[in-house]
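Step one of this worksheet: look at the structure below.
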2 protein chains.
Amino acid sequence: MKDIRQKLVEQLRTGNCTPRIALLARKLKEPSTTLHYNIKKLEREGAILGYKAVFDHRKIGGGFTAFVLLTLSPDEYGDPERLANEFAKHPQIESVDIITGDWELILKVRTKDQDDYFEFVKKVISKKGVTKIKTLTSLRQMKSEFVEL
Amino acid sequence: MKDIRQKLVEQLRTGNCTPRIALLARKLKEPSTTLHYNIKKLEREGAILGYKAVFDHRKIGGGFTAFVLLTLSPDEYGDPERLANEFAKHPQIESVDIITGDWELILKVRTKDQDDYFEFVKKVISKKGVTKIKTLTSLRQMKSEFVEL
DNA sequence: TAAATAATTGAATATCATTCAATCCTATGA
DNA sequence: TCATAGGATTGAATGATATTCAATTATTTA
C-alpha cells in the first residue's frame, strides 16, 4: 500500500484546490460564466490568495495546539519581521503576527502532542533574539479558519 | 452591475471549493483515481472538513485583526463552551479556543477597522460572563491559515 | 491458509471550468 | 444630452476534469 495520505495532506494544507463554480452558480442563481469572471477578478486583485483544505488536525497528527507569545531582545526590536519570517517557514506554525502590547509576536502552533511541542519550542522558538516565551495551550477549539468545529 | 463580489466572498470563505485531483496526480505522479479514492477517504474519516479560499483580508473589508484574551466569571467557569460557541457564530471571528493559564478564551477577530472593532467588542464580546478583555492588535501578519503572506 | 476487506488502477462517462464573441451597462467628458 | 471607452454580463462551444465502474492487487482477519 502506498502512503499517499501524508503527501495529500501536505499538498492540500496550503493549496491545490479550486472554487466550485457550477455549484455556486446554482446556489446564487447566477450564470457560471459571470461567477468565473468575478472570481478571476478577485484572484487578479490579490483578494483571493489561494484555495485549500481545512483539516481536523487531531486526525492528521496535529492533536496539540498552542498560542505562543514572544518578547524580543532590544536588538530585534527594530526588525521583528526578520524573526517572524523565519518562524513562518515552519509547517507546524499556522500563523505569525506582530502585535502591540506586552508581547511582540504571537504564533499559533500545531504539533502531534505536548512532547513534540516541547521539542519544537527548544529547537525552533528558543533562539537568539527571543527573551521571553509564554504558551497558551488550547484545551478545546470551537472554530478555526472561520470553520466551526 | 450586480454585486456578486460580496456573495462570492461569503461563500468561498468557508467552503464551496474542491481539490484539484488532476493537478495533484501530475505533481505526485500517481493515477488520479488513486488520489480520488484517498481524498474521499480523508473526507469520510472527517480528517478533511472542507475546502475554502484564503483571502487577503485587507482587500475584502477586513483590514483590522486582533487576538482577544478573555477571562470568564466564576459561574461561566464550569461551561466555557457555551460562550465559546456563541462567539463562534459571528463571521468576524476567525477562531475560538478555550485555553489554559491566566485567560479562559482566545479569539481571533477580523473587522474593517479599529472603529468597527470597538463596536464589535461593545456589542458582541462584552457580555455577561466576560469579566476581563485584553486585546492584542496585529500590526503585521506574516502567515495565516498556514499560508505565508 | 483461506476468506474477507481495503486499496489501486485503466477505461468510460458525466460534469465542469474555461474560452470566445456578442451584448449590455456604467462612467466620463464634450 | 449624447458619444465613447472600458468594464461587466452572458450563452454557446470547447477542453479539461471529477467521478463511476469493474477488474486486479494488496492487506488484514479469522
Side-chain angles (χ1 to χ4, degrees), chain A residues 1-63 91 112 145-147 149, chain B residues 1-63 91 112 144-149:
Chain A
M1 185 176 61
K2 302 182 175 183
D3 194 19
I4 283 169
R5 197 185 154 97
Q6 201 49 44
K7 286 178 190 168
L8 278 175
V9 168
E10 206 174 285
Q11 295 292 324
L12 295 173
R13 222 167 51 99
T14 57
N16 297 290
C17 297
T18 192
R20 298 186 57 183
I21 297 179
L23 174 68
L24 287 166
R26 286 190 293 269
K27 276 198 191 183
L28 304 178
K29 299 194 203 307
E30 297 285 354
S32 67
T33 44
T34 302
L35 297 186
H36 183 269
Y37 176 84
N38 278 275
I39 289 171
K40 290 303 160 196
K41 187 158 167 277
L42 283 165
E43 292 174 5
R44 258 187 286 118
E45 291 170 358
I48 291 177
L49 300 172
Y51 307 94
K52 53 159 287 189
V54 178
F55 291 97
D56 182 338
H57 291 272
R58 292 169 300 185
K59 299 197 175 161
I60 56 164
K112 183 160 64 67
E145 303 183 31
F146 295 105
V147 177
L149 305 173
Chain B
M1 184 176 59
K2 302 182 174 184
D3 193 19
I4 283 169
R5 197 184 154 98
Q6 201 50 43
K7 287 177 188 169
L8 278 175
V9 169
E10 205 174 285
Q11 295 293 324
L12 295 173
R13 222 167 52 100
T14 57
N16 298 290
C17 297
T18 192
R20 299 187 56 183
I21 297 180
L23 175 67
L24 287 165
R26 286 190 293 268
K27 276 198 189 183
L28 303 177
K29 299 195 204 307
E30 298 284 352
S32 67
T33 44
T34 302
L35 298 186
H36 183 267
Y37 176 84
N38 279 275
I39 289 171
K40 290 302 160 195
K41 186 158 167 280
L42 283 166
E43 293 174 5
R44 259 187 286 118
E45 291 171 358
I48 291 177
L49 300 171
Y51 307 93
K52 53 159 287 186
V54 179
F55 291 97
D56 183 337
H57 292 273
R58 291 169 299 184
K59 300 197 176 161
I60 56 165
K112 182 161 65 68
S144 175
E145 304 184 29
F146 295 105
V147 177
E148 295 191 52
L149 305 175

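Chain identifiers are assigned alphabetically (A, B, ...) following the order of the sequence lines, protein sequences preceding nucleic acid strands; residue numbering begins at 1 within each chain. Any value given below was found using the heavy atoms of this structure, including those in side chains, with hydrogens, waters and symmetry copies removed.
Side-chain N/O atoms of B:N38 include one lying less than 4.0 angstrom from OP1 or OP2 on C:dT8. For C:dA7, the OP1/OP2 oxygens have a side-chain nitrogen or oxygen of B:Y37 closer than 4.0 Å. Listed pair B:H36 / D:dT19 meets the phosphate criterion, a side-chain N or O lying under 4.0 Å from OP1 or OP2.
A donor-acceptor contact shorter than 3.5 Å links the side chain of A:N16 to the backbone of A:Q11. A:K7 contributes no side-chain N or O that, together with a main-chain N or O of B:L28, makes up a donor-acceptor pair within less than 3.5 Å.
Put simply, the side chain of A:I4 reaches to within 4.5 Å of the side chain of B:L35, judged on heavy atoms. Between B:R13 and B:K52, every side-chain heavy-atom pair lies at or beyond the 4.5 Å cut-off. Inter-residue side-chain proximity for B:S144 and B:V54 is flagged as unmet; no heavy-atom pair is nearer than 4.5 Å.
The separation between B:K40 atom NZ and C:dT9 atom C1' is 18 Å, rounded to whole Å. Here the P atom of nucleotide C:dA6 and the CG atom of A:D3 are 18 Å apart, to the nearest Å. If you measure from atom CG of A:L8 to atom P of D:dA18, you get 13 Å, rounded to the nearest angstrom. With rounding to whole Å, B:I21 atom CD1 is found 5 Å from D:dA18 atom P. The distance from atom CG of B:L23 to atom P of C:dT18 is 12 Å, rounded to the nearest whole Å. Put simply, CD on A:E45 is 12 Å from C1' on D:dG7, counting in whole angstrom units. For the pair B:K29 NZ and C:dT9 P, the interatomic distance rounds to 15 Å; values are reported in whole Å. Computed from coordinates, the B:E43 CD to D:dA18 C1' distance equals 12 Å when rounded to whole Å.
Put simply, CG on B:N38 and CD on A:Q6 are 12.0 Å apart, with the number rounded to the nearest 0.5 Å.
Contact detail for B:K41 and A:R5: the closest heavy-atom pair is NZ-NH1, 4.5 Å.
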Every protein N/O lying under 3.5 Å from an N/O of nucleotides 10-15 of chain C:
{"unit_1": "C:dG10", "atom_1": "N7", "unit_2": "B:T33", "atom_2": "OG1", "d": "3.4"}

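In terms of position on DNA chain D, the residue among A:R20 and A:R44 whose nearest nucleotide sits closer to the 5' end is A:R44.
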